[in-house]
Amino acid sequence: MNKFEQILNASPNPVIICDKNHRIDTVNKAVVDSFGYSDTELSGKKIYELIPAFQEGWDVVEEAIHSYEGKFTAFKKNQDFLSIYLNITDFDYDHEEYKAIWIYNIMPLSNVNKALQESQQRLNAVINTAVDGIITISTRGIIESINPAGAKLFGYEPHEVIGENIMIFMPEPYRSAHDGYLKNYQRTRQAKIIGIGREVEGQKKDGTIFPFNLSTSEVILDDRVIYTGIIHDITEQKEAKEKLHRLNIDLENRVEKRTRELATLVNQLEVTNLHLEEEVQERKLTEEELEKSQLLYTKIAENFPNGIISVINQELKYLFIEGKELKKQPEDWLGHSIFERFDSEYHKELEIKLRNAFLGTTQTFELPIHDELYILYVVPLQEGREPEGNQLQLLIVEKNVTELRKAEEETYKSLQKEKQLNELKTRFVSMASHEFRTPLSTILSSSSLIARYDNDETKPKREKHIARIQSSVKNLTSILNDFLSLDKLEQGKIMVNPIQFDMVVFAKELIDEIENMLKNKQEIVYTHQGEVGVVSDQNVLKNICLNLLSNAIKYSNEGQKILFQSKIENQKVSIWVQDYGIGIPEEEQSHLFERFFRAQNATNIQGTGLGLNIVKKYVDLLDGEIHFESKENEGTTFCVSFKIENHEKDIAN
């Protein structure tokens with residue numbers, strides 16, 4: 001495995017290298033993991049076997065995705081599909097043309113607007129802090145935006161150039177030819193500037209001409225097309241290159257002069273020239289290799305999003321480090337221990353992982369750095385291997401996954417909440433269709449039968465059906481009242497309005513009101529202990545007691561007693577409702593106060609499953625507590641208690 005393949009495998013994202021015939025040449029480990037093929041199976045395959053859109057050809061796909069990037073559907077070996085975002089770049093290697101396809105999985109987000117806002121904020125932050133100039137223009141060449149680095153590069157303020165033609169930055173002959181380039185591209189779609197990186201000259205506000213690398217691309221929006229340009233100033237590189245050229249010329253002159261001076265010493269000249277040529281050649285080769293290696297590392301680090309790339313030696317000290325997330329300049333870290341960037345509590349774990357990597361094992365793990373979470377990919381480098389098999393250097397790729405983990409957590413929470421809401425909707429529709437259909441059917445049939453009983457002999461039957469209609473209307477009213485109460489409670493529209501009243505009088509009036517709901521020979525037995533004066537919200541307390549008593553009546557058989565007790569002691573009100581009915585199965589008692597919940601032994605008894613949920617919310621309004629004890633087929637006891645001293649203060653105020 002060469003260094004190029006090691007670097008590809010260090011990338012956490014899938015990368016596919018294709019030749020000019022669209023056949024897969026090289027893939028990294030992430031492709032094998034994502035698509036389920038082995039690298040042997042993938043080698044030589046046509047790219048459209050993984051990504052069908054490529055079957056139409058490179059030109060069609062590149063035009064469809066604009067600027068060589070876009071969202072597509074891909075297929076795994078097991079025919080499962082993936083929704084992917086890819087980016088295509090062209091490069092030459094060993095005089096052959098290749099294309100690199102960088103693939104990113106798309107993560108679904110429940111709140112698209114929020115995600116779009118955050119994405120736009122991140123994009124603006126990246127553009128405004130970018131060290132290179134970034135400019136967008138219209139199809140007529142009018143400047144629509146420029147980042148601070150771009151404006152500074154040309155010596156302008158952003159407002160001085162926005163709305164001007166891009167030719168303001170161009171010296172001749174580029175200035176005169178630019179509009180022609182744009183029109184020719186828009187007419188023929190043959191890229192001579194758009195989509196091609198090249199070296200050009202720019203003109204600053206003060207007239208200074210300077211060289212820069214220009215990368216342009218076409219962006220197709222919903223309603224129009226714009227062009228973007230990324231400008232990288234290479235003035236210093238040019239000067240350094242020229243200086244190096246002069247130094248090389250000077251060196252060659254010195255060698256030539258020395259050769260002439262030593263021409264008389266033939267024997268020494270042969271030996272000296274031989275060593276000198278070897279030294280010069282070795283130095284050139286070393287410099288070329290170092291320059292290539294440094295350029296490669298730097299290029300990877302500059303284009304690696306939200307991460308840091310470094311190389312360390314066996315002393316765990318940095319030989320190379322690059323990345324925009326560094327808190328210091330890269331040169332400040334060279335020669336320093338890697339442990340200086342991590343909290344001491346993680347040093348032992350980090351050292352174990354690194355030592356294992358030096359033995360030739362690739363390591364992948366997560367560690368926090370200054371409250372940010374990073375995933376580390378540690379790859380042993382093959383060059384410079386010691387005789388014992390240990391690696392002399394490690395390549396470390398650090399990827400910031402803080403936002404990704406937060407997004408995954410938020411997405412999971414949103415999915416869980418959506419799942420709960422869907423379940424509630426399903427249960428509500430099922431319950432409502434059943435609970436509304438039964439009384440409505442009764443009302444319809446009874447009203448039809450009443451019309452037939454129009455004389456005195458049929459009066460009892462008529463009254464019977466009228467009573468059925470009234471009972472059904474009361475049931476519907478009760479259901480609607482539950483829905484309205486729940487809606488008001490959810491929206492916070494119900495406020496506690498405490499007044500002073502007599503608890504015993506309140507309880508007896510409540511029993512009189514609910515008496516017509518009693519089944520045959522059922523009886524409510526009420527007792528009270530302690531003082532009778534209460535300060536609380538009478539309506540809230542009435543709704544609590546009505547729900548508990550109506551449940552006791554509903555779930556008790558004919559002829560059974562229902563015990564209703566109250567007690568006032570030490571500024572605390574306690575109320576008990578006890579029945580001897582069907583009870584609640586023990587395995588279902590933990591769900592009793594959930595919305596729409598109904599126990600299995602109560603499915604044939606009319607009810608919405610909202611009553612106790614509403615009771616719990618009313619008790620919370622009074623800052624109270626509710627407890628219950630129940631045993632199946634033996635009955636249930638509910639106890640509600642709350643303090644009244646706070647409410648007395650409200651009355652005083």
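- The number of heavy-atom neighbours closer than 6.0 Å to NZ of Lys76, taken from other residues, nucleotides and ligands shown, is above 12.
- Expressed to the nearest 0.5 Å, how far CG of Asn147 lies from CD1 of Ile134 amounts to 5.0 Å.
- Under the side chain to side chain contact (heavy atoms under 4.5 Å, CB included) criterion, Glu513 pairs with Lys542, Leu546, not counting sequence neighbours.
- Applying the salt bridge (Lys or Arg N to Asp or Glu O under 4.0 Å) test to residues at least two apart or on different chains, none of the pairs has a partner in residues 517-528.
- The list of ring pair (Phe, Tyr, Trp, His ring centres under 6.0 Å) pairs with a residue in residues 516-546, not counting sequence neighbours, reads Tyr526-Phe564.
- The closest donor-acceptor contact from the side chain of Asp579 to the backbone of Thr636 lies under 3.5 Å.
- The closest side-chain heavy-atom distance from Leu350 to Leu367 is below 4.5 Å.
- Under the side chain to side chain contact (heavy atoms under 4.5 Å, CB included) criterion, Asn539 pairs with Asp537, not counting sequence neighbours.
- Each salt bridge (Lys or Arg N to Asp or Glu O under 4.0 Å) pair with one or both residues in residues 558-573, not counting sequence neighbours, appears once here: Lys567-Glu569.
- Within the 4.5 Å cutoff, no side-chain heavy atoms of Val525 are placed close to those of Ile562.
- Lys29 contributes atom NZ, which lies 8.0 Å from atom CG of Asn9 (distance to the nearest 0.5 angstrom).
- For Asp502, the salt bridge (charged side-chain N to carboxylate O under 4.0 Å, His left out) test picks out no residue, with sequence neighbours left out.
- Ile575 places none of its side-chain heavy atoms less than 4.5 Å from the side chain of Ile544.
- For the pair Val378 and Ala357, the tightest heavy-atom approach, listed with the atom from each and the gap, is CG1-CB, 3.5 Å.
- When atom types are taken as modelled, the side chain of Gln522 and the backbone of Ser556 share a donor-acceptor pair closer than 3.5 angstrom.
- For Ser34 (side chain) and Ala30 (main-chain N/O), a donor-acceptor pair under 3.5 Å exists by modelled atom type.
- No more than 12 heavy atoms of other residues, nucleotides or ligands sit less than 6.0 Å from atom CD of Glu586.
- A heavy-atom distance below 4.5 Å is not found between the side chains of Tyr618 and Leu541.
- With His347 contributing its side chain and Phe339 its backbone, the two residues share a donor-acceptor pair below 3.5 Å.
- Residues satisfying the side-chain hydrogen bond (donor to acceptor under 3.5 Å, both in side chains) test with Thr136, not counting sequence neighbours, are Ser145.
- For Asp620 and Lys616, the salt-bridge test passes: some basic side-chain N is under 4.0 Å from an acidic carboxylate O.
- Under the 4.5 Å side-chain criterion, counting only non-hydrogen atoms from C-beta, Val540 is in contact with Leu622.
- Looking at residues two or more places apart in sequence or on another chain, you find a side chain to side chain contact (heavy atoms under 4.5 Å, CB included) between Val15 and Leu8, Ser11, Ile17, Asn28, Trp102.
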Phe35 vs Leu50, test: side-chain contact (heavy atoms from CB on, under 4.5 Å). Steps then yes/no. CA-CA 8 Å; Phe35 287 85; Leu50 300 183; 4.2 Å; yes
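- No hydrogens or angles considered: nothing links the side chains of Ser641 and Ser574 as a donor-acceptor pair under 3.5 Å.
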Ile626 and Val615: CA distance, side-chain angles, deciding distance, side-chain contact (heavy atoms from CB on, under 4.5 Å) verdict: CA-CA 9 Å; Ile626 182 169; Val615 166; 3.6 Å; yes
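- Note: Cys545 SG to Phe638 CZ = 12.5 Å, rounded to the nearest 0.5 Å.
- Distance check, rounded to the nearest 0.5 Å: CE of Met503 to CZ of Phe506 gives 5.5 Å.
- Distance check: Ile321 CD1 to Lys328 NZ gives 10.5 Å after rounding to the nearest 0.5 Å.
- Between Phe342 and Pro368, the shortest heavy-atom contact is CD2-O, 4.1 Å.
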side-chain contact (heavy atoms from CB on, under 4.5 Å) assessment of Arg341 paired with Trp333: CA-CA 9 Å; Arg341 294 185 51 244; Trp333 288 108; 3.2 Å; yes
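- Not a single donor-acceptor pair under 3.5 Å links the side chain of Ser536 to the backbone N or O of Gln538.
- Residues Ala10 and Val397 come closest through the heavy atom pair CB-CG2, 3.7 Å.
- Going from atom CZ of Phe365 over to atom CD of Glu349 covers 7.0 Å, rounded to the nearest 0.5 Å.
- Residues satisfying the side-chain hydrogen bond (donor to acceptor under 3.5 Å, both in side chains) test with Thr402, not counting sequence neighbours, are Glu372, Asn400.
- The closest side-chain heavy-atom distance from Trp576 to Leu563 is not below 4.5 Å.
- Thr364 meets the side chain to side chain contact (heavy atoms under 4.5 Å, CB included) test with Ile375, Tyr377; sequence neighbours excluded.
- Partners of Ser310 by side-chain hydrogen bond (donor to acceptor under 3.5 Å, both in side chains), not counting sequence neighbours: none found.
- A 4.5 Å side-chain heavy-atom check between Ile103 and Asn13 finds every atom pair outside the cut-off.
- Residue Ile584 comes nearest to Ser630 through the heavy atom pair N-OG, 2.8 Å, listed as atom of the first residue, atom of the second, then distance.
- Formation of a donor-acceptor pair under 3.5 Å by the Gln560 side chain with backbone atoms of Tyr580 is found in this model.
- By the side-chain hydrogen bond (donor to acceptor under 3.5 Å, both in side chains) test, Glu366 pairs with Arg405, sequence neighbours left out.
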Run the numbers on Leu354 and Gln363 for side-chain contact (heavy atoms from CB on, under 4.5 Å), then give the verdict. CA-CA 8 Å; Leu354 296 178; Gln363 302 288 312; over 6 Å; no
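- Of all the heavy atoms in Ile568 and Glu531, the pair that sits closest is CD1-O, 3.1 Å.
- Two residues are said to be in side-chain contact when any heavy atoms from C-beta on lie closer than 4.5 Å; Glu625 and His627 meet this criterion.
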